[in-house]
Amino acid sequence: LYAQNQDLNVTVTIDVSQLSADAAEKLVNFKSNVEQYLNKAKYSDEKIPPINVQMQFSFTGVTNSTQTYDAKLFVASQREVYNPYNPNDKKYTVGFRFLDDRCEFIYNENIPFIKNDLRFDSFLSLLDYYAYIIVGYDEDSYIPKGGNKYFQKATDICNKVVLITKGWTETGGGSKPSRQQLVQELLNVRFDNFRYGYFEYMYLGLDSMTVKKKDAQNNVLDALRVIA
């Protein structure tokens with residue numbers, strides 16, 4: 001059963017194989033803490049069906065003196081495909097998928113797991129950032145550029161970054177964008193065609209398959225041309 005105002009239904013997995021036994025022991029409640037935090041926090045301005053999300057944290061190192069962890073984070077969300085004729089036969093497609101291999105954050109059991117958009121926290125703000133990206137993509141799939149306000153909230157988080165900038169405002173010379181660059185691209189008008197193509201693929205394509213199949217198939221093909 002979902003909470004009445006629950007936006008996300010998050011499942012977390014962790015890989016601590018690269019950490020020492022002592023460091024891994026300090027993460028024993030990590031999975032449950034993250035799931036409880038994200039599944040209770042409110043990110044959408046609307047009452048929406050919970051979005052299924054998978055998060056996998058692969059820990060690669062730790063500085064014990066400050067309890068600062070390095071990790072790779074894989075995030076994937078699902079988007080339910082509309083079917084008015086058989087609502088009990090739920091089918092899903094990929095909403096958002098991304099591998100962030102430059103995560104660095106301070107984590108310990110004493111963190112107050114309370115959502116606060118006004119304050120930057122190297123760990124909770126990372127969770128909030130991807131939560132807003134996921135909700136933004138979900139909104140984009142129903143309304144052209146409907147996710148703008150959530151992408152802006154993700155931008156606001158990037159603008160509050162202090163002390164730990166790894167992955168936030170710099171890329172370390174890698175090919176992947178920083179979190180700031182990722183959301184800036186989403187809000188850039190040069191990205192509008194991709195975002196409309198995403199909407200066309202989801203709403204005018206997949207959601208319409210059981211209503212107007214031929215038109216929906218054409219919309220999917222058109223969307224793929226736009227996105228590509």
Side-chain angles (χ1 to χ4, degrees), residues 1-16 24-59 67-69 71-80 90 92-100 103-143 146-162 164 167-168 179 182-183 186:
L1 294 177
Y2 301 121
Q4 186 174 3
N5 293 317
Q6 184 177 346
D7 291 335
L8 305 178
N9 178 36
V10 179
T11 301
V12 174
T13 57
I14 66 171
D15 178 0
V16 295
E25 178 66 24
K26 293 177 181 177
L27 297 170
V28 65
N29 294 320
F30 183 91
K31 169 184 164 67
S32 60
N33 284 340
V34 173
E35 289 177 347
Q36 288 176 21
Y37 174 77
L38 287 171
N39 292 341
K40 288 181 179 179
K42 187 67 181 167
Y43 294 98
S44 174
D45 292 342
E46 313 293 334
K47 184 178 179 181
I48 62 173
I51 303 167
N52 291 330
V53 180
Q54 291 80 43
M55 286 187 167
Q56 179 176 354
F57 289 84
S58 299
F59 289 89
Q67 291 185 284
T68 302
Y69 292 87
K72 296 180 181 180
L73 170 59
F74 176 70
V75 184
S77 68
Q78 292 181 322
R79 197 269 205 188
E80 186 177 343
K90 295 185 183 298
Y92 297 88
T93 186
V94 175
F96 170 75
R97 179 180 290 178
F98 191 73
L99 174 63
D100 187 335
C103 296
E104 182 181 18
F105 51 82
I106 296 171
Y107 173 83
N108 60 69
E109 289 291 322
N110 297 320
I111 291 176
F113 281 86
I114 300 171
K115 184 173 180 288
N116 185 349
D117 285 350
L118 299 179
R119 182 177 65 89
F120 179 79
D121 177 273
S122 61
F123 181 55
L124 298 184
S125 294
L126 178 70
L127 302 181
D128 292 340
Y129 171 87
Y130 280 110
Y132 282 126
I133 294 290
I134 287 166
V135 173
Y137 261 86
D138 195 66
E139 289 294 312
D140 262 15
S141 75
Y142 294 102
I143 303 169
N148 272 9
K149 65 173 120 178
Y150 304 108
F151 295 147
Q152 185 57 55
K153 288 182 178 181
T155 300
D156 293 342
I157 292 174
C158 295
N159 291 336
K160 291 184 176 69
V161 173
V162 291
I164 295 179
W168 285 104
R179 286 169 218 127
L182 175 64
V183 75
L186 287 169

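The main-chain N or O of Ser58 is never found under 3.5 Å from a side-chain atom of Lys72 such that the two would form a donor-acceptor pair. Although no hydrogens or angles enter the test, the distance criterion places no donor-acceptor pair under 3.5 Å between the side chain of Asn9 and the main chain of Pro50. Between the side chain of Tyr43 and the backbone N or O of Gly136 there is no donor-acceptor pair closer than 3.5 Å. Although no hydrogens or angles enter the test, the distance criterion places a donor-acceptor pair under 3.5 Å between the side chain of Ser122 and the main chain of Ile106. Judged purely by atom type and a 3.5 angstrom limit, Glu104 has no side-chain atom pairing as donor or acceptor with the backbone of Ile164. A donor-acceptor pair under 3.5 Å is formed between the side chain of Asp140 and the backbone N or O of Gly147.
Every residue two or more places apart in sequence or in another chain was checked for a salt bridge (Lys or Arg N to Asp or Glu O under 4.0 Å) with Lys26, and none qualifies. Qualifying salt bridge (Lys or Arg N to Asp or Glu O under 4.0 Å) partners for Lys160, counting only residues two or more places apart in sequence or in other chains: none. Partners of Glu80 under the salt bridge (Lys or Arg N to Asp or Glu O under 4.0 Å) rule, at least two apart in sequence or in another chain, are Lys90. For Phe123, the ring pair (Phe, Tyr, Trp, His ring centres under 6.0 Å) partners at least two apart in sequence or on another chain are Phe30, Phe105, Tyr107. Shown here are the salt bridge (Lys or Arg N to Asp or Glu O under 4.0 Å) partners of Glu139, two or more places apart in sequence or in another chain: there are none.
What you find for Asp7 and Ser44 is that their closest heavy atoms are OD2-N, 2.8 Å. Considering all non-hydrogen atoms of both residues, Gln67 and Asn108 come closest at OE1-CB, 3.5 Å. The minimum heavy-atom distance between Asn39 and Leu8, with the atom names listed, is OD1-O, 3.0 Å. Here the closest non-hydrogen pair linking Ile48 and Ile51 is CD1-CD1, 4.0 Å. A pairwise comparison of heavy atoms in Tyr129 and Arg179 identifies OH-O, 2.6 Å as the closest pair. The two atoms that bring Ile114 and Leu124 nearest to each other are O-CD1, 4.0 Å, heavy atoms only.
Two residues are said to be in side-chain contact when any heavy atoms from C-beta on lie closer than 4.5 Å; Leu186 and Tyr137 meet this criterion.
Looking at Gln152 and Asn148, their side chains never bring a donor and an acceptor atom within 3.5 Å of each other.
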Criterion side chain to side chain contact (heavy atoms under 4.5 Å, CB included) on Ile133 and Tyr150, from CA distance to verdict: CA-CA 7 Å; Ile133 294 290; Tyr150 304 108; over 6 Å; no
Test side chain to side chain donor-acceptor pair (under 3.5 Å) applied to Tyr132 and Asp156, step by step: CA-CA 11 Å; Tyr132 282 126; Asp156 293 342; over 6 Å; no
Pair Met55-Leu38, side chain to side chain contact (heavy atoms under 4.5 Å, CB included): steps then yes or no: CA-CA 11 Å; Met55 286 187 167; Leu38 287 171; 3.7 Å; yes
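Counting non-hydrogen atoms of other residues, nucleotides and ligands closer than 6.0 Å to NZ of Lys115 gives a total above 12.
For the pair Arg79 and Tyr142, the cation-pi criterion (under 6.0 Å, within 45° of the ring axis) is fulfilled.
In this structure, CD on Glu109 lies 8.5 Å from CD1 on Ile111, to the nearest 0.5 angstrom. Interatomic distance, CG of Leu27 versus CG of Asp15, reported as 11.0 Å (0.5 Å rounding). Going from atom CG of Leu182 over to atom CG of Asp100 covers 9.0 Å, rounded to the nearest 0.5 Å. For the atom pair NZ of Lys47 and CD of Gln6, the computed distance is 12.0 Å after rounding to the nearest 0.5 Å. Atoms CG and OH, from Asp128 and Tyr37 in turn, are 3.5 Å apart once rounded to the nearest 0.5 Å. To the nearest 0.5 Å, atoms OG (Ser125) and OH (Tyr130) are separated by 13.0 Å.
Paired with Ser77 under the rule side chain to side chain contact (heavy atoms under 4.5 Å, CB included), one option of Val53, Asp138, Asn52 passes, and it is Val53.
Applying the salt bridge (charged side-chain N to carboxylate O under 4.0 Å, His left out) definition to pairs two or more places apart or across chains, none involves residues 48-58.
Salt-bridge formation is detected for the pair Lys149/Asp45: a Lys NZ or Arg NE/NH1/NH2 atom is positioned less than 4.0 Å from an Asp or Glu carboxylate oxygen.
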